[in-house]
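Accompanying notes for the structure given below.
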Number of protein chains: 2
Amino acid sequence: MAADPLSRVFSALADPTRRDIVGRLAAGDATVNELAAPYDVTVQAVSRHLKVLGDAGLVSRSREAQRRPVHLEAEVFDLMTKWIERYRRQAEERYRRLDDLLRTMPDEEEPTPPQTGEPR
Amino acid sequence: MAADPLSRVFSALADPTRRDIVGRLAAGDATVNELAAPYDVTVQAVSRHLKVLGDAGLVSRSREAQRRPVHLEAEVFDLMTKWIERYRRQAEERYRRLDDLLRTMPDEEEPTPPQTGEPR
DNA sequence: GTTGTGTTTAACCGAATGGTTGAACAAGGA
DNA sequence: TCCTTGTTCAACCATTCGGTTAAACACAAC
């Protein structure tokens with residue numbers, strides 16, 4: 001398993017089945033058996049998917065008799081959005097500054113070489 | 001490689017080295033050799049990381065003589081943030097409605113069983 | 001107790017991943 | 001032309017991953 005939390009979250013959501021599980025948990029808690037029903041994989045496979053999501057902090061479990069309902073923990077999403085927004089903003093800022101530069105010095109010479117007289 | 005774009009993006013960012021590369025590219029374009037310098041892996045390994053980022057649509061390449069500068073394509077971030085926000089909002093909405101429910105019916109009986117008279 | 005239901009763990013398998021070294025390819029400069 | 005620099009491709013290796021089946025565990029009900 002990945003060492004850092006961000007890698008765990010991104011890695012957990014890199015699987016379409018796990019993303020689908022997260023999507024369904026957003027509508028309400030569910031048990032492993034309920035979650036496994038729509039897929040044609042074993043319930044054991046889904047149990048392991050839930051372990052991955054749990055290790056990433058995306059879901060938590062509780063206990064109701066034999067059942068262990070799964071609950072979505074949406075706070076971890078912030079970890080990702082913060083990382084993403086940081087670099088998106090930085091890239092946009094860089095783009096804006098380049099744009100300004102090009103607009104404030106319009107008399108600069110073109111990158112075209114100064115025409116050293118090769119005959120055409 | 002993963003079939004769907006979302007899996008490719010999440011998977012690409014699940015690796016800390018690749019996230020670091022993205023972070024550095026947010027500050028400006030760079031070549032493979034420049035990007036590889038800080039890490040103690042071969043330049044071939046970094047080249048493959050860039051292939052993964054490219055397949056995810058996170059970076060693009062151009063050509064300057066022998067060099068092939070890498071450029072960050074930040075638009076793909078939207079794919080992730082849209083997915084995340086969708087379910088975050090849904091989960092928060094669900095939480096809010098549950099909260100309302102609990103507030104509007106405060107006279108409901110507690111989940112505690114009705115005390116059937118076992119002697120203590 | 002035993003039986004039954006829900007869930008996780010263990011052991012295995014094939015495919016994918018991230019690293020290596022060595023060879024090949026692309027473009028400029030002597 | 002040959003040489004140097006920058007980059008990618010090919011082959012290999014160890015590890016991880018997502019799936020399986022079979023066994024173990026947790027709790028309820030009988």
Side-chain angles (χ1 to χ4, degrees), chain A residues 1-22 24-25 29-56 58-71 111 113 116 118, chain B residues 1-22 24-25 28-56 58-71 111 113 116:
Chain A
M1 190 187 58
D4 60 299
L6 209 41
S7 293
R8 280 200 292 268
V9 180
F10 276 122
S11 183
L13 295 178
D15 183 274
T17 301
R18 285 195 291 262
R19 281 200 307 279
D20 195 56
I21 289 175
V22 167
R24 289 167 58 204
L25 287 174
D29 297 0
T31 68
V32 181
N33 270 288
E34 290 163 358
L35 289 170
Y39 315 116
D40 62 346
V41 299
T42 61
V43 68
Q44 290 98 318
V46 174
S47 177
R48 281 227 296 224
H49 279 310
L50 290 175
K51 172 127 183 29
V52 174
L53 291 171
D55 288 341
L58 280 161
V59 304
S60 62
R61 316 292 301 267
S62 55
R63 167 73 72 181
E64 282 177 12
Q66 307 103 310
R67 283 154 218 87
R68 296 178 43 68
V70 189
H71 177 77
T116 40
E118 287 169 338
Chain B
M1 190 187 55
D4 60 299
L6 210 41
S7 292
R8 280 201 292 270
V9 180
F10 276 121
S11 182
L13 295 178
D15 183 276
T17 302
R18 285 195 290 263
R19 280 201 308 279
D20 195 56
I21 289 176
V22 167
R24 289 167 57 206
L25 287 174
D29 298 0
T31 68
V32 181
N33 270 288
E34 290 163 0
L35 288 171
Y39 315 116
D40 60 347
V41 299
T42 61
V43 68
Q44 290 98 315
V46 174
S47 178
R48 282 229 294 223
H49 279 310
L50 290 175
K51 173 125 184 27
V52 174
L53 291 171
D55 289 341
L58 281 160
V59 303
S60 62
R61 316 292 300 266
S62 55
R63 168 72 74 180
E64 283 178 11
Q66 307 104 308
R67 284 154 218 85
R68 297 180 41 70
V70 188
H71 178 76
T116 40

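Every chain is numbered from 1, with letters handed out A, B, ... down the list of sequences.
Comparing C:dG28, C:dA11, C:dT20 by their nearest atom to the side chain of B:Val41 picks out C:dT20.
Heavy-atom distances to DNA chain C give each of A:Arg67 and A:Lys51 a nearest nucleotide, and the one nearer the 5′ end belongs to A:Arg67. Residues B:Thr31 and A:Arg48 both approach DNA chain D. Their nearest nucleotides, taken by heavy-atom distance, put B:Thr31 toward the 5′ side. Toward the 5' end of DNA chain D, the nearer of the two residues A:Ala65 and A:Asp15, judged by each one's closest nucleotide, is A:Asp15.
Without hydrogens or angle criteria, A:Arg19 side chain to A:Leu13 main chain gives a donor-acceptor distance under 3.5 Å. In this structure a side-chain-to-backbone donor-acceptor pair under 3.5 Å is present from B:Arg8 to B:Ala2. In this structure, the side chain of A:Arg24 engages the main chain of A:Leu35 through a donor-acceptor pair within 3.5 Å. Checking side-chain atoms of B:Arg61 against main-chain N and O of B:Arg68 turns up a donor-acceptor pair under 3.5 Å.
Nucleotide C:dT5 holds its C1' atom 15 Å from the CD atom of A:Glu64, rounded to whole Å. Rounded to a whole Å, the CG atom of A:Leu53 is 16 Å from the C1' atom of C:dT7. The nearest whole Å value for the distance from the OH atom in B:Tyr39 to the P atom in C:dT20 is 14 Å. Distance NE2 (A:His49) to C1' (C:dT8): 15 Å, rounded to an integer number of Å. In this structure, CG of A:Asp55 is placed 12 Å from P of C:dT8, rounded to the nearest angstrom. B:Arg61 has its CZ atom 15 Å from the P atom of C:dA26, to the nearest Å.
For the pair A:Asn33 and C:dT7, the criterion of a side-chain N or O lying under 4.0 Å from OP1 or OP2 is met. An OP1 or OP2 oxygen of C:dG18 is reached within less than 4.0 angstrom by a side-chain nitrogen or oxygen of B:Arg18.
Bounding nucleotides for the chain A contact on DNA chain D, 5' to 3', at a heavy-atom distance below 4.0 Å, are D:dG18 to D:dA28.
One side chain, A:Ser7 or A:Asp4, offers a donor N or O that lies under 3.5 Å from an acceptor on the other.
For the pair A:Tyr39 and A:Val46, the tightest heavy-atom approach, listed with the atom from each and the gap, is CD1-CG2, 4.3 Å. The two residues B:His49 and B:Ile21 make their nearest non-hydrogen contact at CB-CD1, 4.2 Å.
Side chain A:Gln44 to base C:dG6: no donor-acceptor pair is found below 3.5 Å.
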